[in-house]
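Some notes on the structure that comes next.
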Amino acid sequence: MAAARLRLLSAGLLLPAVSRARHSSSLQGLRALSTLSTTLGSGAGEDEIERIRREFEDAKRNYLSIPVAIKDMAKMNPQGIYVNKNVKLDDLQVYGFDYDYTLSHYSEHLQCLIYDLAKKHLVNELKYPESCLKYEYDHGFPIRGLYYDRLKGCLLKLDFFGSIEPDGCFFGRHKLSLSEIKELYGTRHIGRDQARQLVGLMDVFCFSEACLLADIVQHFVDARLEFDASYVYEDVNQSIQHVHRSGLIHRKILSEPQKYLIKNSQVFRFLKMLREKGKNLFLLTNSPFYFVDGGMSYLLEDEHFDGNSWRELFDVVIAQANKPTFYNSDHPFRVYDTQKDTLAFTAVDKFLPNEVYYHGCLKSFLQITKWRGPEVIYFGDHLLSDLRGPAKAGWRTAAVIRELEDEIEIQNGDSYRFQQAKLSIIHDLLGKVHATVVSTEKGQVYRALLDELNAERRQCRSAMRDLFNSSFGATFLTDTGRESSFAYHIHQYADIYTSKLENFLSYAPESWLHPPHDIKIMPHNAKVPASLFSGS
């Protein structure tokens, strides 16, 4: 059945269902809950359903009065450093950095550029239909941490436990309903065998790839053409890789740095502060040196160096490192001649000032520097390529996630907390309703209450999702309020995480960073408990 369903989807024979009408405002959604009282009045005395109804009415009145508990709830710091594992900054002697989206930050124009260059490669080199050129990058569609199913062609958002988000599964640009998801996958949970066919899209560069994958699948659907989803992935990924490896993207950025690169003097201030504190710094990036040199020179052109180059900020500069292979290979380092654009043939047994190195491996890096794992911290934005290897090698790890700041701002806002409070009440009541055993004659009343609460829960989830991203919601959270699969990887591979490097300037160099004792998973994710509304 699932295979047949997929064939119908790919042939364009199944059209998206009409989206449900949204409530005109959050308050209207709350008022709708009051209709429950009209369905629960039949006959009776003090049964459990009636008690739950009264409890709900009390909670609703308390909520509508906007209790002081919500207004006075502490807000999370958008520029904070959030901690999964204890880190004593005073113990850190070596700071390592990735370049792209860690030391450097790009404007939204970059995603459009990558998308357009990859799209043209699909058409011009891989002979995709010219009609594919009509598609444009959609800033509002992708988020970080999605998965592409190479077998079924779906773009998925998973929760912390590997289950498909009910409103986070797209075939092309068509959002699948829960019944379609279950027919296609059998269940929402992705098992170990199914997980092998998923490709994680974990960094910001993957935004353009996710959007292009969805658009190409949609093109085949609209054209009613049969296709193999794995071929679509291979071709789109090849095109994205071509944009990077051919140097197309690097040359374009350097030709218009003011359009693509965002200057930030605070990054230089942070690096300089580390040097003044006697810390060792190294740069480890997959990008070629000429691109990093051009970018860093532009980003720091307004700053004043003691020497002549940004390279004097770093003890070691390594380009084209080929992460994540760097962490488990035996590839030797090569000295790179910045003037001749050539690699030396002599063995590298020490790192010299002002030299640039290519390739290499973690084993040789540690042998040459003698830097012990626990005293080294590495900053990166890609959880798998940048942080998984260092975490396994015993380095401390720090994830730089630009979206974190915006998401915390939204979570601190009244609109989000309003919906979150509603959802907490509804979840609490649903738990009690599900635990209630009712007689046959009360079954209709029980079902009416259950349906109303489920409808309101769906409305809350939709409203909360749209505050972040109308297609996939928040990066760190699912619509159900659980942490996402992306949050799972942050929890697993990042000792600390923050939105920008310069956030460390607000912390004393001897700070001891530790997770709050009452946090179960993600320390930045504060929830509004239903217990706030349990009484007048």
Side-chain angles (χ1 to χ4, degrees), residues 76-87 89 96-98 100-102 105 142-147 156-165 168 190 195 198-207 210 323-324 327 376-412 468-469 472-501 503-504 507 513-527:
M76 307 307 293
N77 181 6
Q79 291 83 39
I81 298 173
Y82 293 94
V83 187
N84 290 320
K85 299 174 185 175
N86 291 341
V87 175
L89 296 184
F97 301 91
D98 184 31
D100 293 300
Y101 285 106
T102 302
H105 186 45
I143 63 171
R144 193 196 306 230
L146 300 177
Y147 292 84
L156 309 171
K157 179 182 177 182
L158 304 182
D159 68 16
F160 196 88
F161 301 101
S163 294
I164 301 171
E165 176 75 348
I190 297 294
L198 302 184
V199 179
L201 305 172
M202 292 293 163
D203 69 349
V204 182
F205 281 129
C206 291
F207 283 21
K323 296 175 293 181
Y327 298 112
V376 181
I377 186 169
Y378 185 70
F379 293 78
D381 73 296
H382 196 300
L383 300 181
L384 304 184
S385 293
D386 288 336
L387 302 183
R388 180 166 57 181
K392 291 181 178 180
W395 287 2
R396 310 315 302 268
T397 54
V400 179
I401 310 297
R402 296 282 174 170
E403 304 94 309
L404 179 64
E405 187 168 331
D406 288 339
E407 294 209 354
I408 291 178
E409 292 279 12
I410 292 172
Q411 288 179 265
N412 284 340
F468 298 95
N469 174 290
F472 292 100
T475 303
F476 289 87
L477 292 172
T478 67
D479 298 345
T480 62
R482 283 182 170 181
E483 279 74 12
S484 65
S485 175
F486 180 77
Y488 168 80
H489 289 297
I490 287 279
H491 186 73
Q492 189 171 22
Y493 298 124
D495 294 337
I496 53 181
Y497 62 101
T498 190
S499 60
K500 299 189 293 283
L501 284 178
N503 293 341
F504 279 80
Y507 292 76
L513 306 178
H514 56 87
H517 72 279
D518 57 343
I519 296 298
K520 294 182 179 178
I521 301 179
M522 301 304 293
H524 79 275
N525 182 25
K527 293 182 171 65

Problem set entry | Intermediate values then yes/no, side chain to side chain contact (heavy atoms under 4.5 Å, CB included), Ile190 and Tyr147 | CA-CA 11 Å; Ile190 297 294; Tyr147 292 84; over 6 Å; no
For this session: Begin from the C-alpha positions of Ile401 and Phe486 and carry the test side chain to side chain contact (heavy atoms under 4.5 Å, CB included) through to its verdict.
Result: CA-CA 11 Å; Ile401 310 297; Phe486 180 77; 3.9 Å; yes
Problem set entry | Residue pair Asn77, Ile408: steps toward the side chain to side chain contact (heavy atoms under 4.5 Å, CB included) verdict | CA-CA 7 Å; Asn77 181 6; Ile408 291 178; over 6 Å; no
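Residues Leu387 and Trp395 have side chains not in contact (no heavy-atom distance under 4.5 Å, counting atoms from C-beta outward). Between Tyr488 and Leu158, every side-chain heavy-atom pair lies at or beyond the 4.5 Å cut-off. A 4.5 Å side-chain heavy-atom check between Leu156 and Leu146 finds every atom pair outside the cut-off.
With Thr498 contributing its side chain and Gly80 its backbone, the two residues share a donor-acceptor pair below 3.5 Å. Thr397 places a side-chain N or O within donor-acceptor distance of the main-chain N or O of Asp495, the cut-off being under 3.5 Å. In this structure a side-chain-to-backbone donor-acceptor pair under 3.5 Å is present from Asn84 to Ala494. Panel note: side chain Arg396, backbone Asn86; a donor-acceptor pair is recorded below 3.5 Å. The closest donor-acceptor contact from the side chain of Glu407 to the backbone of Thr475 lies under 3.5 Å. No side-chain donor-acceptor contact under 3.5 Å links Tyr507 to the backbone of Leu513.
Considering Arg144, Met202, Arg402 as possible partners of Asp381, the one that fulfils the side chain to side chain contact (heavy atoms under 4.5 Å, CB included) test is Arg144.
When all heavy atoms of Thr478 and Lys157 are compared, the closest pair comes out as CA-NZ, 3.9 Å. Nearest heavy-atom pair across Tyr327 and Tyr378 is OH-CE2, 3.8 Å. Gly380 approaches Asp98 most closely through the heavy-atom pair CA-CB, 4.1 Å. The two residues Ile143 and Ala474 come nearest to each other via the heavy atoms CD1-O, 3.6 Å.
Between the NZ atom in Lys323 and the CG atom in Leu384 there is a gap of 12.5 Å [rounded to 0.5 Å]. Atoms CD and OG, on Gln79 and Ser499 in that order, are 6.0 Å from each other to the nearest 0.5 Å. Within the model, atoms CG of Asp479 and CZ of Phe468 stand 9.5 Å from one another, a figure rounded to the nearest 0.5 Å. Rounded to the nearest 0.5 Å, atoms CG (Asp100) and CG (Asp203) are 9.0 Å apart. Rounded to the nearest 0.5 Å, atoms CG (Asp159) and CD (Glu165) are 7.0 Å apart. In this structure, CE on Met76 lies 12.5 Å from CD on Glu409, to the nearest 0.5 angstrom.
Aromatic ring orientation, His489 versus Tyr493: parallel (interplanar angle below 30°, classes split at 30° and 60°). Aromatic ring orientation, Phe504 versus Phe379: perpendicular (interplanar angle above 60°, classes split at 30° and 60°).
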